[in-house]
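Keep in mind that what you see is a predicted model, and the values were worked out from it rather than measured. Atoms considered below: every heavy atom in the structure, side chains included; atoms not considered: hydrogens, waters and symmetry mates.
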Amino acid sequence: ILLPLTSKGQTDTEFWFAAPNVTSGHAGNTPIELVIVAQEQASTVTVSQPANAGFTPLIYNLAPNTQEAIDLSAYLATIQNTPPNTILNYGIKVESTSNITAYYAPQMQNNPDIFALKGKQALGTSFVIPSQNTFDNGNYTPIARASFDIVATEDNTEITITPSSDVVGHAAGTTFTVVLDKGETFSVQATGAGANDRLDGSVVNSNKPIAITVKDDSVVNSNCRDLVGDQIVPVNVVGKEYIVLKGYLTIDDQIYITATANNTEITIDGTVVSTINFGQTYHHTLGNPTAYIETSEPAYLYHVTGFGCELGGALLPPTECTGSNQVTVTRATNEFFALNFMVLSGAEGDFQVNGNPNIVTAADFSPVPGSGGMWSFAQIDMSGNANVGTPLFITNSSKRFHMGVVNGGASSGCRYGYFSDYARFELNAVVPLDLICEGEEFYLGVDTIINGLLIEWEGPNGFFSNNYFDTIFNAVSSQTGDYIMRPSLENCPLLNDTTFITVKPSPAAPVPST
């Protein structure tokens with residue numbers, strides 16, 4: 001029996017991560033936590049280092065709708081990726097028996113951030129590195145620098161890297177190659193601490209799937225120094241439409257758009273502001289409450305916001321044909337805790353928080369300028385509705401949405417990240433049996449259901465159905481042929497999927513011999 005699935009946040013059963021090195025000279029470099037959250041089903045979660053035979057896997061059994069904050073501080077020397085320009089065996093793999101969400105959280109007072117793990121959406125073979133290029137790194141020993149950290153998911157992974165600035169061991173613009181086995185890592189670290197030493201526009205390609213973390217350590221803003229970073233996604237996951245919500249900084253927010261193709265035209269709130277080429281970054285200062293950003297070609301959007309003078313950074317999810325019906329977050333500290341919402345208009349009143357419809361309401365939302373009325377947004381202080389360490393399960397019963405979190409203090413540090421789905425919707429036809437005999441039954445289905453999804457099935461003998469799941473009883477041989485699944489979802493250009501089903505005719509009755 002096929003059961004419908006809904007689009008959730010960054011839930012998965014397997015995650016790969018390369019942990020960034022954070023200087024101990026600023027605020028220390030512990031505690032370090034890996035936070036895992038079980039969804040509706042109980043989960044057995046295993047944390048391992050596939051390339052490190054000396055690491056004993058950590059195993060946790062989680063009840064439904066619970067979390068575990070795993071303190072990794074004791075493993076710091078073999079988790080944080082340092083020294084740079086060196087093949088290490090520090091890659092982290094998280095496996096679960098059912099869907100979970102996960103994030104990596106350096107929790108140091110005055111230098112924290114959160115790195116939302118993106119599961120299979122983080123894996124790819126082509127990346128352009130996004131980054132801020134406005135702020136310097138603080139002057140600490142050991143040094144604080146920008147870096148990007150790579151982990152391989154298969155043996156004999158050949159990776160070519162072209163840094164945009166000078167990095168340890170390699171000059172800007174010089175392409176070099178590294179070969180990693182499963183679970184091995186490699187850190188590419190800027191040599192300079194100035195804003196013009198950032199690594200945005202660096203190019204990474206591989207012959208097998210890898211995952212990449214970007215990090216900027218102890219970024220200077222006025223009297224504050226703060227860690228900024230995220231796990232990024234490959235080029236094929238980034239999009240052409242973004243909504244940015246201004247945070248709680250005493251200065252304006254900073255937006256960085258990095259092109260993955262030449263002649264990328266950038267439009268902000270309906271006005272064309274620039275055209276950039278592959279690997280170039282356009283910087284926009286956000287003084288308004290929102291920015292609606294469109295690009296003519298897929299591009300990365302990296303957002304630096306925060307609380308007070310403390311900064312946080314996140315790679316933003318594109319909004320076209322993405323989003324979730326359910327997102328799970330947890331509050332890391334008892335400091336200020338706010339959620340950013342972006343939802344398709346018409347669904348503002350359909351949210352529930354742990355089943356309560358009165359916490360996030362339609363009155364909290366406003367239209368996103370420039371989106372033509374398609375999207376609405378809200379920024380809600382949830383400090384009174386969230387306990388530290390207790391998951392919030394946030395759902396919308398009618399349409400998809402995106403959601404991010406800002407958690408921190410004006411002079412203690414900021415944690416910023418998005419937990420909704422980055423990947424474009426892709427639907428596949430699901431047919432358990434494609435070869436049957438006459439008189440038997442066969443099933444048609446789809447692998448994902450999104451609120452608002454419409455389906456049309458078309459097949460031989462004039463077969464037509466609008467059901468997500470259908471059963472054809474007492475099949476006959478004339479029903480052999482292509483069954484086409486045509487999905488539609490608002491303005492999303494979803495692809496059809498076709499499967500061929502063979503119905504074998506019943507054998508002819510034997511003729512008695514004379």
Calculate, to the nearest 0.5 Å, the distance between atoms [atom1] and [atom2] belonging to [X] and [Y] respectively.
| X | Y | atom1 | atom2 | value |
| --- | --- | --- | --- | --- |
| F337 | F307 | CZ | CZ | 13.0 Å |
| E320 | K240 | CD | NZ | 7.0 Å |
| I255 | L316 | CD1 | CG | 8.0 Å |
| D71 | E33 | CG | CD | 6.0 Å |
| T82 | I143 | OG1 | CD1 | 8.5 Å |
| I394 | S420 | CD1 | OG | 10.5 Å |

**Request:** Run the ring-centre check on Y103 versus F419 and record whether the distance is less than 6.0 Å.
**Result:** yes

**Message:** For Y242 together with Y292, are the ring centres under 6.0 Å from each other?
**Reply:**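 Not close enough - the centres of the two rings lie 6.0 Å or further apart.
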
Minimum heavy-atom separation for [X] to [Y], with atom names?
| X | Y | result |
| --- | --- | --- |
| Y104 | L117 | N-CD1, 3.6 Å |
| S73 | I32 | OG-N, 3.2 Å |
| I212 | F127 | CD1-CG, 3.6 Å |
| A299 | I257 | CB-CG2, 3.9 Å |
| D364 | A378 | O-CB, 3.3 Å |
| Q121 | V237 | O-CG2, 3.9 Å |

N/O donor-acceptor pair under 3.5 Å between [X] side chain and [Y] backbone:
| X | Y | value |
| --- | --- | --- |
| Y422 | L315 | yes |
| K215 | F148 | no |
| Q39 | N99 | no |
| E14 | D12 | no |
| E68 | I70 | no |
| Q231 | K118 | yes |
| H402 | P318 | yes |
| D226 | G312 | no |
| N111 | L227 | yes |
| R400 | N396 | no |

**Request:** Hey, can you tell me if Y416 and Y418 have their rings parallel, tilted or perpendicular (30° and 60° cut-offs)?
**Result:** perpendicular

**Message:** With a 4.5 Å cut-off on side-chain heavy atoms, are I266 and V272 touching?
**Reply:** no

**Request:** Would you check if T153 and T157 make a side-chain contact, meaning some heavy-atom pair closer than 4.5 Å?
**Result:** no

**Request:** Begin from the C-alpha positions of F377 and F341 and carry the test ring-ring contact (aromatic ring centres under 6.0 Å, His included) through to its verdict.
**Result:** CA-CA 5 Å; F377 78 98; F341 290 90; over 10 Å; no

**Message:** Atom CG of residue position N139 - does it have more than 12 heavy atoms of other residues, nucleotides or ligands inside 6.0 Å?
**Reply:**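 Result for CG/N139: open.
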
**Asked** More than 12 foreign heavy atoms under 6.0 Å from CG of N223: is that the case here?
**Response**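 No.
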
**Prompt:** Should the pair E310-R225 be classified as a salt bridge under the 4.0 Å nitrogen-to-oxygen rule?
**Reply:**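 No salt bridge links E310 with R225.
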
**Prompt:** Is it true that D350 and K399 make a salt bridge, defined as a side-chain N closer than 4.0 Å to a carboxylate O?
**Reply:** no

**Asked** Side chains of H283 and N133: donor-acceptor distance under 3.5 Å anywhere?
**Response**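 Note: H283 and N133 side chains miss the donor-acceptor criterion.
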
**Request:** Could you give me the CA-CA distance, side-chain angles and deciding distance for T101 and T328, then say whether side-chain hydrogen bond (donor to acceptor under 3.5 Å, both in side chains) is met?
**Result:** CA-CA 7 Å; T101 60; T328 305; 5.1 Å; no

**Message:** I'd like to know whether S98 forms a side-chain hydrogen bond (donor to acceptor under 3.5 Å, both in side chains) with S43, so could you lay out the CA-CA distance, the side-chain angles of the two residues, the decisive distance to 0.1 Å, and finally the verdict.
**Reply:** CA-CA 5 Å; S98 61; S43 302; 2.6 Å; yes

**Message:** Please evaluate residues R198 and D216 with respect to the criterion salt bridge (charged side-chain N to carboxylate O under 4.0 Å, His left out), reporting the C-alpha separation (whole Å), side-chain torsions for both, the decisive distance (0.1 Å), and the verdict.
**Reply:** CA-CA 9 Å; R198 302 307 92 177; D216 226 343; 2.5 Å; yes

**Worked verdict on T395 versus Q352 for side-chain hydrogen bond (donor to acceptor under 3.5 Å, both in side chains)** = CA-CA 5 Å; T395 61; Q352 291 190 2; 4.7 Å; no

**Request:** Decide yes or no on side-chain hydrogen bond (donor to acceptor under 3.5 Å, both in side chains) for T281 and D200, but give the supporting numbers first.
**Result:** CA-CA 7 Å; T281 296; D200 55 297; 2.9 Å; yes

